[in-house]
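Working notes, beginning with the structure itself.
Letters go in sequence order (proteins before strands), and every chain restarts at 1.
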There are 2 protein chains.
Amino acid sequence: MKIGELTKRSGLSAHTLRYYERIGLLPVADRSASGHRDYDAAILVWIEFLDRMKTTGMPIREMLRYAALRETGDATIDARRELLETHRDKVRAHVAELQACLAVLDTKIAGYAGASQVETTHDAEHPLRFRIGKAR
Amino acid sequence: MKIGELTKRSGLSAHTLRYYERIGLLPVADRSASGHRDYDAAILVWIEFLDRMKTTGMPIREMLRYAALRETGDATIDARRELLETHRDKVRAHVAELQACLAVLDTKIAGYAGASQVETTHDAEHPLRFRIGKAR
DNA sequence: CCTTGACTTAGAGTACACTCCAACCCCTAG
DNA sequence: CTAGGGGTTGGAGTGTACTCTAAGTCAAGG
């Protein structure tokens, strides 16, 4: 598979795929006779995993650490599990935080819905005098 | 309240507070005779709201838009509600995505827990040959 | 009086994760 | 054989949100 097809299948741009390879997040791709990258379909599984970790806010540094552990072999299984568990805990905490924020948002939206019907509600919010004009 | 106390109460650094004021996310603070910022406690409510929006991934640009609407007055209530509703929908979608990722993480972790007991499991993952050495 | 520590400013620097550019090469269809 | 559409590279540029620096001012305790 050439890089163009992998962009379609993975959703990552060719720029990003080359960038990931350069920093070591993707293995060095095989090359065709003409020097073009030639990917194995198995890479999609790894990219999907990276995508999920990215979605959940894992920094590239940590994905690199995971990739390095994986490369080292079976001896690192415990370390990998720990890494993922730590990350999972962070994600869970973040989800909880987001849900708390959602509750506040819902309340605020409900308040606006009421205020819009009543036409004018003066004490719903603190008056704040903002600077007039653009940021410097 | 001086900026030092507000840093403690808000959790934002003095740098950040001044930065937020400069870009218009916080109202221009009153000044003491010596020119130091003198905050009203009411600002904490606004900062808390900003924090929540930040936590849920709202970009500063959009918070500025919200602040501008708020400043304009009651006529913008519908627009503000819409802004928050749009944001809420995004956050909900993101939470759903995170939960899907969490499910995958759980599965993967469970797999590792098994593999660690069995000592050696060879076909659990695709072998990927990573580049040896550092990124350029 | 002097030191300490909190405050002030404009502007520069940082971290992260891309994203793009210039200038090139290579294959295939018309 | 040439035009188009892929691919290649190193390195520079972008956007977001801070974060820090330099060079001061100011107020209060010992």
Side-chain angles (χ1 to χ4, degrees), chain A residues 1-40 43 46-47 49-67 87 90 94 131 133-136, chain B residues 1-40 43 46-47 49-67 87 90 94 131 133-136:
Chain A
M1 192 191 332
K2 278 187 288 179
I3 202 168
E5 204 192 331
L6 189 56
T7 61
K8 276 166 218 150
R9 288 221 226 167
S10 69
L12 297 178
S13 73
H15 286 312
T16 302
L17 288 169
R18 286 192 281 253
Y19 166 69
Y20 278 4
E21 178 178 322
R22 188 153 50 79
I23 65 172
L25 208 50
L26 290 178
V28 178
D30 293 338
R31 300 300 178 114
S32 70
S34 54
H36 293 189
R37 285 175 183 77
D38 182 20
Y39 293 97
D40 185 311
I43 200 72
W46 176 242
I47 290 174
F49 174 71
L50 290 179
D51 245 11
R52 273 185 214 285
M53 294 307 105
K54 188 173 64 173
T55 297
T56 52
M58 183 183 280
I60 282 184
R61 246 192 330 286
E62 208 169 330
M63 299 191 219
L64 283 174
R65 209 165 80 72
Y66 183 84
H87 183 62
K90 278 187 203 144
H94 188 220
R131 129 209 295 280
K134 279 255 140 206
R136 253 175 294 168
Chain B
M1 191 191 335
K2 278 186 291 180
I3 201 167
E5 204 192 331
L6 189 56
T7 60
K8 278 166 216 149
R9 288 222 227 165
S10 69
L12 297 178
S13 73
H15 285 313
T16 303
L17 288 169
R18 286 192 280 256
Y19 166 69
Y20 278 4
E21 178 178 323
R22 188 153 50 80
I23 64 173
L25 208 49
L26 291 177
V28 178
D30 294 339
R31 298 302 177 114
S32 69
S34 54
H36 293 189
R37 285 173 182 77
D38 182 20
Y39 293 98
D40 186 309
I43 199 73
W46 176 240
I47 289 175
F49 173 71
L50 291 179
D51 245 9
R52 273 185 214 285
M53 293 307 105
K54 188 174 64 171
T55 296
T56 52
M58 183 184 279
I60 283 184
R61 244 192 333 284
E62 208 168 331
M63 301 191 215
L64 283 173
R65 209 164 81 73
Y66 183 85
H87 183 60
K90 277 186 204 146
H94 188 219
R131 134 209 292 282
K134 282 252 142 209
R136 251 174 295 171

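- To the nearest angstrom, C1' of D:dA17 lies 18 Å from CE of B:Met53.
- For B:Ile3, counting side-chain heavy atoms from C-beta on, the closest listed nucleotide (C:dC7, D:dC20, C:dT19) is C:dC7.
- For B:Lys54 and D:dC18, the NZ to C1' distance is 9 Å, given to the nearest whole Å.
- In this model, the phosphate group of C:dT9 is approached by a side-chain N or O of B:Arg31 to a distance below 4.0 Å at OP1 or OP2.
- Across all strands, A:Arg37 comes closer than 4.0 Å only to sugar-phosphate atoms, never to a base (heavy-atom distances).
- Distance from the side chain of A:Lys2 is smallest to D:dG7 among C:dT19, D:dG7, C:dT8.
- Residue A:Tyr20 places at least one side-chain N or O under 4.0 Å from the OP1 or OP2 atom of C:dC18.
- Using bins of under 30°, 30° to 60° and over 60° for the plane-to-plane angle, the ring pair B:Trp46/B:Tyr66 lands in the parallel bin.
- Ranking C:dT9, D:dA17, C:dC18 by closeness to the A:Tyr19 side chain, first place goes to C:dC18.
- Between B:Pro59 and B:Ser34, the residue anchored closer to the 5' end of DNA chain D is B:Pro59, taking for each the nucleotide with the nearest heavy atom.
- With D:dT19, C:dC20, D:dT9 as the candidates, the nucleotide lying closest to the side chain of B:His15 is D:dT19.
- Side chain of B:Asp38 to main chain of B:Lys2: no donor-acceptor pair is present (N/O by atom type, distance under 3.5 Å, no hydrogens or angles).
- Using a 4.0 Å cut-off, some side-chain N or O of A:Arg61 falls inside it from OP1 or OP2 of C:dC16.
- Put simply, the side chain of A:Lys54 reaches to within 4.5 Å of the side chain of A:Met63, judged on heavy atoms.
- In this structure, A:Glu21 atom CD and D:dG10 atom C1' are separated by 14 Å, rounded to whole Å.
- Distance from the side chain of B:His36 is smallest for C:dA6 among the nucleotides D:dT9, C:dA6, C:dA17.
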